[in-house]
Amino acid sequence: MPSTDVHERLSFFASLYRVDQNPELGMWLLYITIIALCILVFKLGFAKKLPLLKSAVIYIFLILGCTILTFLGIFLPITEGLVVASLILIIYKIRLHNQKKAEAQKNM
């Protein structure tokens with residue numbers, strides 16, 4: 001089996017945060033990035049108005065799930081997929097807002 005450098009196998013964000021050179025700081029940065037992107041995707045795509053305690057429980061479990069995603073995100077494109085999902089949802093929300101605004105002006 002040929003010897004491969006670990007740096008070549010890292011995902012984009014893992015290599016950006018230099019997880020192979022400074023693992024502690026790199027993993028924390030990757031973890032925070034994944035949490036932020038997961039919260040953004042959740043808010044844009046799935047969140048509904050809930051009471052404060054129910055929202056807190058959902059976000060606690062979301063953050064716990066991000067721990068597993070962080071370990072997978074070292075070599076797999078987890079963070080990159082979340083970036084793409086958030087961009088798609090942002091475009092969708094902008095188009096939906098523009099469409100609703102146009103319909104509101106049309107009905108006046």
Side-chain angles (χ1 to χ4, degrees):
M1 180 173 193
S3 173
T4 59
D5 188 21
V6 173
H7 184 71
E8 294 174 7
R9 294 181 48 216
L10 294 175
S11 68
F12 173 75
F13 279 93
S15 65
L16 179 69
Y17 296 144
R18 299 176 193 260
V19 172
D20 56 337
Q21 296 171 4
N22 189 358
E24 188 171 338
L25 178 64
M27 286 298 288
W28 278 110
L29 291 173
L30 187 63
Y31 183 57
I32 291 168
T33 304
I34 288 176
I35 287 174
L37 288 171
C38 280
I39 289 173
L40 180 65
V41 168
F42 176 73
K43 291 287 280 183
L44 289 174
F46 306 103
K48 297 193 188 279
K49 297 283 183 181
L50 293 174
L52 185 63
L53 187 60
K54 287 182 182 180
S55 292
V57 169
I58 287 174
Y59 285 111
I60 287 170
F61 282 109
L62 184 93
I63 290 170
L64 289 174
C66 288
T67 305
I68 297 168
L69 289 178
T70 301
F71 289 112
L72 293 174
I74 297 170
F75 296 112
L76 297 174
I78 302 293
T79 314
E80 293 83 352
L82 287 169
V83 168
V84 170
S86 62
L87 289 175
I88 290 171
L89 287 169
I90 288 170
I91 292 169
Y92 169 74
K93 289 291 184 175
I94 290 171
R95 291 182 57 131
L96 184 66
H97 175 71
N98 289 341
Q99 182 181 3
K100 285 183 179 181
K101 190 167 68 172
E103 286 179 9
Q105 289 177 352
K106 183 179 177 183
N107 290 335
M108 285 185 167

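The two residues F13 and L30 make their nearest non-hydrogen contact at CB-CD1, 3.9 Å. What you find for V41 and A85 is that their closest heavy atoms are CG2-CB, 4.1 Å. Nearest heavy atom pair, residue L82 against residue C38, reads CD1-SG, 3.7 Å.
Within 6.0 Å of atom CG in L16, more than 12 heavy atoms from other residues, nucleotides or ligands are found, so the atom counts as buried in its surroundings. Counting heavy atoms of neighbouring residues, nucleotides and ligands inside a 6.0 Å radius, atom CZ of F75 exceeds 12 of them.
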* side chain to side chain contact (heavy atoms under 4.5 Å, CB included) between M27 and F71, intermediate numbers included -> CA-CA 8 Å; M27 286 298 288; F71 289 112; 3.8 Å; yes
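A continuous path of hydrophobic side-chain contacts links W28 to L37 [ILVMFWY only; heavy atoms under 4.5 Å]. I74 and L76 fall within the same hydrophobic cluster, where Ile, Leu, Val, Met, Phe, Trp and Tyr residues are linked whenever their side-chain heavy atoms come under 4.5 Å apart, directly or through other members. Hydrophobic clustering (ILVMFWY, side-chain heavy atoms < 4.5 Å, transitive): I39 and L53 are in distinct clusters. One hydrophobic cluster, built from ILVMFWY side chains closer than 4.5 Å, holds both F46 and L40. L69 and V84 fall into different hydrophobic clusters, where Ile, Leu, Val, Met, Phe, Trp and Tyr are joined by side-chain heavy atoms under 4.5 Å apart, directly or via other members.
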Can you give the donor-acceptor pairs under 3.5 Å from side chains of residues 100-108 to other protein atoms, not counting sequence neighbours?
residue : atom : partner : partner atom : Å
N107    : ND2  : E103    : O            : 3.2

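The structure places CG of L89 at 11.0 Å from CD1 of I94, a figure rounded to the nearest 0.5 Å. Atom CD1 in I34 sits 8.5 Å away from atom CG in L72 (nearest 0.5 Å). Annotation: the span from L29 atom CG to E24 atom CD amounts to 11.0 Å, rounded to 0.5 Å. Rounded to the nearest 0.5 angstrom, L44 CG and I91 CD1 are separated by 11.5 Å. Between D20 atom CG and R9 atom CZ the span is 12.0 Å, to the nearest 0.5 Å. Taking OG of S55 as the reference point, atom CD1 of I60 lies at 11.0 Å (rounded to 0.5 Å).
Side-chain N or O atoms of S15 include none that pairs as donor or acceptor with a backbone N or O of L10 at under 3.5 Å.
Among residue pairs with one or both ends in residues 65-91, those qualifying as side chain to side chain donor-acceptor pair (under 3.5 Å) are Y31-T67; sequence neighbours excluded.
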